[in-house]
Amino acid sequence: MLLYYIARRILWAIPFMFAVSLIAFALITAPPGDYLTSFAATLAQSGDIVDEARLDALRERYGFDQPFLVQYFRWIWGVLQGDFGISFEWQQPVGQLIWERMALSVTLALATLMFTWALALPIGIYSAVRKYSIGDYVATTVGFIGLATPNFLFALVLMYVAVVVFGSDVSGLFSEDYQDAPWSLAKFGDLMSHIWIPVIILGTSATASLVRIMRANLLDELYRPYVTTARAKGLSEWQLILKYPVRIAINPFISTIGWAFPQLISGAVITAFVLSLPTSGPLMLQALLAQDMYLAGAFILLLCCLSIVGMLVSDILLALIDPRIRFQ
């Protein structure tokens, strides 16, 4: 039953992926003009001579004069073969530009997700079980502060504390000696010594939000008749809570995985600028502003893939935890 459920979800994801890629390509090409139009405007502003014949030749070479569907199928056929095209602005294959940044973004997203869950789950359970206690009030106050503080402001404060108190280098994910060095254990250790700052900054608001969700869901379950029945059978209090109410209340918690990855990657652009992180967010924003369509399209397509994979993972986990879902 579970394998059938997983296979059905994967089959549904394939046409959805093509539909999303078509919409993404349409959005990228929707603004008037193309990259060469922006390039010509930049040259004109700087006083350089714009060679229209050369622009027309480049437009024909890159297929900008072709109908929309021809451009789309030309692009998606290349993507299916692992060719994401050439970045017009960087004059490099898109694959070379995005993979390392996407790998760093996914590493940062996974570390932030683990940090968020490690804090939000126990605090949410404690806050619900010890409702209106001092610990609950402290958790609620810290949660509201975490929700109300913008990430870029928290980043500036944490950068000040890290530099003044700990004497740490807080810019980027690597020290200067390892920025262009090949991957090694020493470079991985250097990454781990830098990654804690963006993890705390990005994870704080998400942790505060999930604590509130877990507390509210668990409070709904703690006073259900099945909990009273289990308590009457002599189960210890914490064993009862972790075995039954938490198992039900955690469902919305797991369903957040579907949007956690793309939100952490695309929503961390300002934080990435403040901390000079070599992640995908700043490069994606630059590609969108410059109408670098193949680079921007690759990022949007990968974000959609992450959304679909995240939703698939969350659905599978929900089906594993809650038998009602897979039987329905």
Side-chain angles (χ1 to χ4, degrees), residues 1-10 12-13 109-148 199-200 202-264 306-328:
M1 181 65 74
L2 182 60
L3 289 176
Y4 171 74
Y5 177 79
I6 294 172
R8 193 179 59 179
R9 292 286 291 108
I10 292 175
W12 269 108
L110 283 173
T112 306
L113 196 63
M114 288 190 288
F115 169 81
T116 302
W117 277 47
L119 285 181
L121 189 59
I123 293 176
I125 294 173
Y126 175 84
S127 191
V129 175
R130 299 283 186 263
K131 185 177 65 170
Y132 302 139
S133 64
I134 294 177
D136 179 32
Y137 286 126
V138 170
T140 301
T141 304
V142 173
F144 284 143
I145 293 173
L147 283 172
V199 164
I200 292 176
L202 295 174
T204 302
S205 60
T207 302
S209 175
L210 288 178
V211 165
R212 305 303 302 165
I213 292 173
M214 189 66 199
R215 181 182 185 277
N217 291 337
L218 192 54
L219 280 175
D220 283 342
E221 297 296 327
L222 283 177
Y223 302 101
R224 295 287 176 92
Y226 72 89
V227 177
T228 306
T229 304
R231 190 176 286 121
K233 289 185 176 180
L235 284 177
S236 66
E237 190 65 19
W238 280 107
Q239 185 182 7
L240 181 153
I241 291 170
L242 295 177
K243 191 173 182 180
Y244 297 112
V246 168
R247 192 174 174 183
I248 302 298
I250 205 172
N251 282 2
F253 215 78
I254 293 175
S255 62
T256 58
I257 295 175
W259 48 262
F261 277 102
Q263 188 183 41
L264 285 172
L306 283 174
S307 301
I308 293 171
V309 170
M311 292 176 69
L312 181 63
V313 170
S314 65
D315 286 348
I316 292 172
L317 290 175
L318 285 172
L320 285 172
I321 291 176
D322 194 341
R324 296 173 299 177
I325 295 175
R326 59 174 180 267
F327 283 123
Q328 287 174 1

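Just so it is clear, the values below take in all heavy atoms, side chains as well, and ignore hydrogens, waters and symmetry mates.
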Closer than 3.5 angstrom, by distance alone: can the side chain of R212 be matched with the main-chain N or O of A208 as a donor-acceptor pair? no
CD1 of I200 to OG1 of T112, rounded to nearest 0.5 Å, is 10.0 Å
Tightest non-hydrogen contact, residues D136 and R130, listed as CB-O, 3.3 Å
Here the gap from T207 atom OG1 to L121 atom CG, rounded to the nearest 0.5 Å, amounts to 11.5 Å
- Message: Any heavy-atom pair between the side chains of I125 and L242 that's under 4.5 Å?
- Response: yes
Value for CG (L222) from CG (N217), rounded to nearest 0.5 Å, stands at 11.0 Å
Value for CG (L240) from OG1 (T228), rounded to nearest 0.5 Å, stands at 9.0 Å
Tightest non-hydrogen contact, residues A120 and L210, listed as CB-CB, 3.7 Å
Q.
Surrounding CH2 of W12 (heavy atoms of other residues, nucleotides or ligands, distance under 6.0 Å), is the total greater than 12?
A. no
Scanning both residues in full, the closest heavy-atom pair of V246 with M214 reads CG1-CE, 4.1 Å
Close side-chain approach of T229 to Y244, heavy-atom, < 4.5 Å
no
Here the gap from Y226 atom OH to R231 atom CZ, rounded to the nearest 0.5 Å, amounts to 11.0 Å
Here the pair of heavy atoms bringing I123 nearest to A139 is CG2-CB, 3.8 Å
Minimal heavy-atom distance between W117 and P122, with the atoms involved, is O-CD, 3.8 Å
Correct closest heavy-atom pair for Y132 and Y137 would be O-CE1, 3.4 Å
Could you tell me if the side chain of V129 sits less than 4.5 Å from the side chain of W238, heavy atoms only? yes
d(I250 CD1, E221 CD) to nearest 0.5 Å is 12.5 Å
